Asker: 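Starting off with a structure, shown below.
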Amino acid sequence: MDREAHGRLDALQRDPYPLYELARRTPGLLHVAELDAWLVARDEDVREVLRRPGDFSSGNALRPDTVPSPAARAVLDGGFGGRPVVVTADGARHRELRAPIVRGLSPARVAAVLPYAAERAAALVDGFVKDGHVELMSAYARRLPGEVVGRLLGLGPEDVPAVVRGGLRAEELLFRPLPEDEQVAAARDMVAKQHLLDACVRDRRARPREDLVTELVASLAPGDGELTLDQRHEIVGHLQNLLIAGHLTTTALIGNAVLHLLRHPRQWELLCAEPDRIPAAVEEAARYDSVLQGFRRITTRRVSLAGTQLPAGAAVFVAFGAANRDGARHARPDEFDITRDPDRHLAFGLGAHSCPGGQLAREQVRLTLEQLTTRLPGLRLAADRAVTMRPTMIHRSPEALHLVW
Ligand code: HEM
């Protein structure tokens, strides 16, 4: 994709809502050149695609927007991964890859990590509570989720910053038009993270522990012999995908929830006065400005959707974020309202690939809002710092969130 096309995609990603509105009003499906796909925008149609995984394959779900340069690719060749992961797999292979993740994110596992999450949330707020101002994304939102998912997997806390950095850099390299030298630097960060995960995987094979990495290794490579290179590629790719799915998304929802609450000060005040409303506020933030705006699917055969005939091999962009603003499903869809009756939104997907980490994410946003409403009820957006959204369809969030109190 050239720079001009990237500019158009950027503008669309920073504010996709007018396009969604047009697509919902247009009979059939709308083909969107910037997305290089048919846009599925109505709640009803999004649900239909998600319920027909046999007709709409996830094989292209993570298709990058940019192709790394030859120099960056040469660096990536020294790393791990490049195998199908849970989010891009279909059918029986998908079920095999998903089962250990669902077990690893069970309600009991999530409950077990919550005391740590609560302790870290409080400690991160301790770090800035006396300052009178903070940039929340860097001081808090980009830190808590990585620490929590790292703990759940069994990574050492010292390894978490490199893992989080590697995840951010993977997103930049595959979805942003970076200059050559930055591409190479991003690829190096990704590869450093992959080697760190590989060392962890081999260590758990040799010395099993009571942690999720050990379980994933046992589940993807049964037995206790030395792992083959192919198995190492597969397990590291799987871990990398799980980590990125786990931290970048939650980071973004923390940012969006705080942003929209503070843009609606009366709702913030209501939340401070009535903290029982926090879970509903989390759901409304997830619906109103969805982090994962959409993922791709590719048709496996000729299909008809919303009256549009699609040939086999057609790319569709399944817009959870558009469905969540569909007036046919949600009353006053463009209003942020934490008092609305929670109706089933699609921010965490639906069906075979629905998010197995939704509860873990919700709990972290809940803990965050509990901390901020009780300790900093006078929180406001800094008046002199305009908020810009990051240009991404997969981790929609503010670039930075300057707050004062
Ligand atoms: C606010 C936070 C989150 C949001 C908005 C979110 C959203 C989603 C959505 C919409 C999907 C479905 C994708 C599809 O249909 O192709 C998904 C899948 C997935 N999510 Fe999440 N997620 C979040 C947090 C998490 C966390 C904390 C974890 C794990 C620690 C996680 C792990 C996964 C995995 C592994 C998948 C793939 C499942 C599959 O393909 O079967 N997510 N997520």
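When reading the values below, keep in mind they use all heavy atoms of this one structure, side chains included, and skip hydrogens, waters and symmetry mates. In this text, all values refer to a predicted model and were calculated from it rather than measured experimentally. Both ligands and their constituent atoms are indexed starting at 1 by order of listing.
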Asker: Examine distances only and state if a side-chain atom of His233 and a backbone atom of Gly81 form a donor-acceptor pair shorter than 3.5 Å.
Answerer: yes
Asker: Testing His31, Arg63, Arg296 for side-chain hydrogen bond (donor to acceptor under 3.5 Å, both in side chains) with Asp36, which one passes?
Answerer: Arg63
Asker: Taking only heavy atoms of Ala352, which atoms of ligand 1 are found under 4.0 Å from at least one of them?
Answerer: 41 (O)
Asker: For Thr300 and Asp55, indicate whether the former's side chain and the latter's backbone hold a donor-acceptor pair under 3.5 Å.
Answerer: yes
Asker: How long is the span from the CG atom in Leu35 to the CD atom in Gln293, to the nearest 0.5 Å?
Answerer: 10.5 Å
Asker: Under 6.0 Å from the CZ atom of Arg266, do we count more than 12 heavy atoms belonging to anything else shown?
Answerer: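 Counting other residues, nucleotides and ligands, CZ of Arg266 stays at 12 neighbours or fewer.
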Asker: Distance-only, no hydrogens or angles: does the Ser290 side chain make a donor-acceptor pair with backbone N or O of Leu292 under 3.5 Å?
Answerer: no
Asker: Which residue holds the protein heavy atom closest to atom 7 (C) of ligand 1, what is that atom called, and what is the gap in Å?
Answerer: Ala347 O, 3.5 Å
Asker: Need the ligand 1 atom indices (1-based, order shown) with element for anything under 4.0 Å from a heavy-atom of Leu253.
Answerer: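 So the atoms of ligand 1 that pass are 1 (C).
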Asker: Does Pro68 offer a backbone N or O that forms a donor-acceptor pair with the side chain of Gln183 under 3.5 Å?
Answerer: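 Not confirmed, Gln183 side chain does not pair with Pro68 backbone.
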Asker: Tell me the contacting part of Val365 for ligand 1: side chain, backbone, both, or neither, using a 4.0 Å heavy-atom threshold, strictly below.
Answerer: neither
Asker: Can you confirm whether the side chains of Ser58 and His353 place a donor and an acceptor under 3.5 Å from each other?
Answerer: yes
Asker: With heavy-atom distances below 4.0 Å as the criterion, list the atoms of ligand 1 near Leu105.
Answerer: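 That gives atoms 29 (C), 30 (C) of ligand 1.
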Asker: Is His353 close to ligand 1, meaning an N/O of one under 3.5 Å from an N/O of the other?
Answerer: yes
Asker: When you measure from atom 19 (C) of ligand 1 to every protein heavy atom, which one gives the shortest distance, and what is it?
Answerer: Pro356 CD, 3.6 Å
Asker: Kindly confirm or rule out a cation-pi arrangement of Arg340 over Tyr288, judged by NZ or CZ under 6.0 Å from the six-membered ring centre and within 45° of its axis?
Answerer: no
Asker: Under 4.0 Å from any heavy atom of Ala361, which atoms of ligand 1 are there?
Answerer: 1 (C), 2 (C), 24 (C)
Asker: Can you tell me the protein heavy atom closest to atom 9 (C) of ligand 1 and the distance?
Answerer: Leu292 CD1, 3.5 Å
Asker: For atom 25 (C) of ligand 1, what's the nearest protein heavy-atom neighbour? Residue, atom name and distance, please.
Answerer: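 The answer is Ala245 O, 3.3 Å.
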Asker: If only atom types and distance count, is the side chain of Ser397 paired as donor or acceptor with the main-chain N or O of Gly255 below 3.5 Å?
Answerer: no
Asker: Which atoms of ligand 1 sit under 4.0 Å from any heavy atom of Val149?
Answerer: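 Listed by number with element: 30 (C).
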Asker: Applying a strict 4.0 Å limit to heavy atoms, is Arg297 in contact with ligand 1?
Answerer: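 Flag set, Arg297 near ligand 1.
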Asker: Where do Glu284 and Arg287 land on the salt bridge (Lys or Arg N to Asp or Glu O under 4.0 Å) test, with the steps shown first?
Answerer: CA-CA 5 Å; Glu284 178 62 350; Arg287 177 200 74 83; 2.9 Å; yes
Asker: What is the closest protein heavy atom to atom 20 (N) of ligand 1, and at what distance does it sit?
Answerer: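 Looking at atom 20 (N) of ligand 1, the protein heavy atom closest to it is Cys355 SG, 3.3 Å.
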Asker: Closer than 4.0 Å to some heavy atom of Gly349 - which atoms of ligand 1 meet that?
Answerer: 10 (C)
Asker: Where is the nearest protein heavy atom to atom 13 (C) of ligand 1: which residue, which atom, and how far?
Answerer: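 Closest protein heavy atom to atom 13 (C) of ligand 1: Phe295 CD2, 3.6 Å.
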Asker: Which residue, Val365, Leu253, Thr250, forms the side-chain contact (heavy atoms from CB on, under 4.5 Å) with Pro145?
Answerer: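 When Val365, Leu253, Thr250 are each tested with Pro145, the side-chain contact (heavy atoms from CB on, under 4.5 Å) holds only for Thr250.
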Asker: For ligand 1, find out whether one of its N or O atoms is nearer than 3.5 Å to an N or O atom of His94.
Answerer: yes
Asker: Give the residue and atom name of whichever protein heavy atom lies nearest to atom 23 (C) of ligand 1, and the separation in Å to one decimal.
Answerer: Thr249 OG1, 3.5 Å
Asker: Is there a polar contact, in the sense of an N or O pair closer than 3.5 Å, between Arg98 and ligand 1?
Answerer: yes
Asker: Can you tell which of Gly104, Gly358, Gly246 gets a heavy atom nearest to atom 26 (C) of ligand 1?
Answerer: Gly246
Asker: Under 4.0 Å from ligand 1, counting heavy atoms only, is it the side chain of Phe348, its backbone, both or neither?
Answerer: both
